[in-house]
Amino acid sequence: MSPEEELQSNGSVASSTRNIVGVLKEHNYLGLSDCSSVGSSNLSGLADDDKATISLKATELTLGLPGSQSPARDTELNLLGPAKLDEKPFFPLLPSKDEMCSSSSHKNIASGNKRGFSDTMDKVPLYTEKNWMFPEAVVATQSVIKKEVAQNLPKGKLSTTNNSSSPPAAKAQIVGWPPVRSYRKNTLATTCKNSDEVDGKPGSGPLFVKVSMDGAPYLRKVDLRSYTNYGELSAALEKMFTTFTLGQCGTSGATGKDVRNETKLKDLLNGKDYVLTYEDKDGDWMLVGDFSWEIFIGVCKKLKIMKGCDAIGLGMFCFLLVMPLKSLV
Amino acid sequence: MDLRLPSKVLEHILSFVDSNEDRNSVSLVCKSWFETERRTRKRVIVRNCYAVTPEAVARRFPEMRSLTLKGKPHFADYNLVPDGWGGYAWPWIEAMAVKCPSLEELRLKRMVVTDECLEKIAASFKDFKVLVLTSCEGFSTDGLAAIAVACSNLRELELRECIVEDLGGDWLSYFPETLTSLVSLDFSCLDSEVKLSDLERLVSRSPNLKSLKLNRAVSLDALGSLLRLAPQLVELGTGSFSDKLDQEAVSKLSQAFSEMKELKSLSGLWDVLPEYIPLLYSVCPGLTSLNLSYATVQMPNLVELLTRCSNLQKLWVMDLIEDKGLEVVASSCKELRELRVFPSGAEGLNDTNVAMTEQGLVSVSEGCPNLESVLYFCVQFTNAAMITIARNRPNLKCFRLCVMEPFAPDHKTQKPLDEGFKAIVERCKDLQRLSVSGLLTDKAFEYIGTHGKKLRMLSIAFAGDSDLMLHHLLSGCESLNKLEIRDCPFGDTALLENAAKLETMRSLWMSSCCVSFGACKLLSQKMPKLNVEVIDEHPLETRPDSSPVERIYIYRTLAGPRLDMPEFVWTIQKNPEIGVSHLAIK
């Protein structure tokens, strides 16, 4: 069979699966859902029905997974609605009509693109090893999120009623949206906190200290005044540095294959606690937690997340910052 | 008889031709004009650092004194480009150090600049005068110290929204006592406190200082003494505006402000307390540019300020201004040309001010006849509002509307915002930049393709239904130069069909769309003058051609494939193992 014919027939097998809503999910080799239908039928219902045909037909492409067989394509299965008969969806690998195309956007929802291997990690509230290994679990979560959002589409309403009716997950944070520069976001975040604090606390601006972590590629900075106790600081640092733990196993493998990642991740997390230490005004390194929070922010100059074994020389463990290890349970 | 213009005469004539666009035209006339033009061009702008090699630029323009470079695609601002993608300044600086040692000015945007780069600049360009870094990263305050200490003729040092590893404020102390040429200093993006006495001395010995933008760590008290030392400032970026001052300090500060007769531009104002707003009243009538986008004061205070700014041309503010505040702007700031309204909520959506709606922008469009540039973040919008705005302001050149709720329809009629944007592109015949948002069908893009003939830059997110969307744009928008798209459901066909168009554009960015791996490969194979970069953090070797890619960045280039691509950027040249496309196109 010529490649052309093969491609043609691939299209219609896949298109016949389109009607099975929400059940079938085509996966690529990584276990991630492929891009779903082009466009949402809900949206097209709102469009005018007087679409003119264009010469797209002449360069029709049909794409599907190699190996699937089928007879001629059935245009009535076209999800885009009658107005769009001439445009074939090019990724008829459809889990659900309601989903907007591209599970890669799902990945984006879940991930921050800043770090290479943070793909499924950043925004997933509960980090588990399971999630790392089986990204479709994450994608499934995100599909649910997308679905909830999309369910309002038929009415064309994505109004504030969302807030009450859907769980908080429905407003899952989308990377880079709204399009506000991170510089602005970061500055504003501190501004808001400061304006809360300024009443009654004259002269308090942000108190940035550097935070380094053994093995992390670069430093971070935190504003100590934006937290009110050790617990908040700990939580924030944990979130910030989780990705470095992953990064260590991810980037060291040149091929980045999952198997290698898994082994290295296990090594890293097995029994390795991290402790939070700080450098005080005299230049001494101390364990965080001995003093009250107010005193602490007055003396802390720098923070460092050390591996537990390295910190033994600092005396008793008062404050343990345990990395995602505890979530593995 | 030789009718050619003697080159000396031509040179003289060309010395009056400033604009690079005109010079580009001049260089196309004939060979001798090309030669004369290239030998006399002083200011070179390369808007995509990968479109051409540094050596080629240096060779063509040996008399270059000023170089402007842009690196990463615009969407890098919103974290859509992974770290390590590229945009390194080093190869350029290294090349210019050898070939253009008389370089005096360097302006970089969205590039990775390291301390080595800064040290190299300091060491190589004896007459270096101007360094402006916008949205750059990769360097520390040590690099700044290198510049400060070595560049004895430094005029401008501006760091605009850069990510700098801040190792402390001592870099400022490295400016030698002999440096008296400073005209502009902007360190507003740094965190650390600089030594006030050093700053004061620097300001005192810089009689030509016209622009000073402080960082947040500079207190209100310190501001007072600095203003007294530099009443001639034209541009001022304050530090933090929130310390508690005693009565005497306040009146001194007020006095200092009233001495500033030349002040035209005011920014900073972080944490500004309402009770300090009156301090600014004396400078308001002279202001042409006001950046309140970090000032978290509420509408009534903002109004007090803005009623006094009758000459304002550029206003950046947060949505705390509300519709009411924008009405005041409409009635008071008749000279307004540019308005940007940013969201105040950190998340944008969840805690955004609901007292600001589309009505605010409508008022401004009614009241400000010179309004030509708009950036407006709003939770939702209506077609009627956009139609009114278009009718009021056909002179709009830049219209960027960000409806923060993805897929939000017209909140009164529940229809898509197609008709609204149609009115904008139809009426605003000189529109050059457009960002769309909200619920949009392919129809919106048909309108844009039909009417947006002068459109050069277009940004799209969460819109459209199908390939038609992209097809309309690529086939209709004749002047299209930069197109950036995220999360839109179009696929391969429109892209491949309009491949030739891509050579007439600077760049195309698409992320989270449905472009297949095979299409990317095919495009690369067919279009050698384009760099087709697939930016995807999952390995592509074993991916089927049909699978969608995370992001593509396509740009025209004379330099061929670049040599500094990281692991997650895939091109058919760098990664021959990905094979050729198996797509069959009829």
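The sequence lines fix the lettering, A, B, ..., with proteins before strands; numbering per chain opens at 1.
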* Asked: Between the side chains of B:His472 and B:Asp442, does any donor sit under 3.5 Å from an acceptor?
  -> no
* Based on non-hydrogen pairs under 4.5 Å, which of B:Ser293, B:Cys189, B:Cys402 is most in contact with chain A? -> B:Ser293
* To do: Can you tell which part of B:Phe377 gets under 4.5 Å to a heavy atom of chain A, answering side chain, backbone, both or neither?
  => side chain
* Neighbour count above 12 (heavy atom, 6.0 Å) for B:Glu161 CD -> yes
* Using non-hydrogen atoms and a 4.5 Å limit, figure out which bit of B:Ser435 sits close to chain A: side chain, backbone, both or neither. => neither
* Asked: chain A heavy atoms under 4.5 Å from B:Val272: which part of the residue, side chain, backbone, both or neither?
  -> neither
* Asked: Do A:Val180 and B:Pro343 have side chains that get closer than 4.5 Å, going by heavy atoms?
  -> yes
* Is it the side chain or the backbone of B:Met318 that comes within 4.5 Å of chain A heavy atoms, both, or neither? -> side chain
* To do: Please report the C-alpha distance between A:Trp177 and B:Phe462 in whole Å, then the side-chain angles of each, then the deciding distance to 0.1 Å, and finally whether the ring pair (Phe, Tyr, Trp, His ring centres under 6.0 Å) criterion is met.
  => CA-CA 10 Å; A:Trp177 190 264; B:Phe462 305 107; 5.2 Å; yes
* Less than 4.0 Å between a side-chain N and a carboxylate O, is that true for B:Asp418 and B:Lys443? -> no
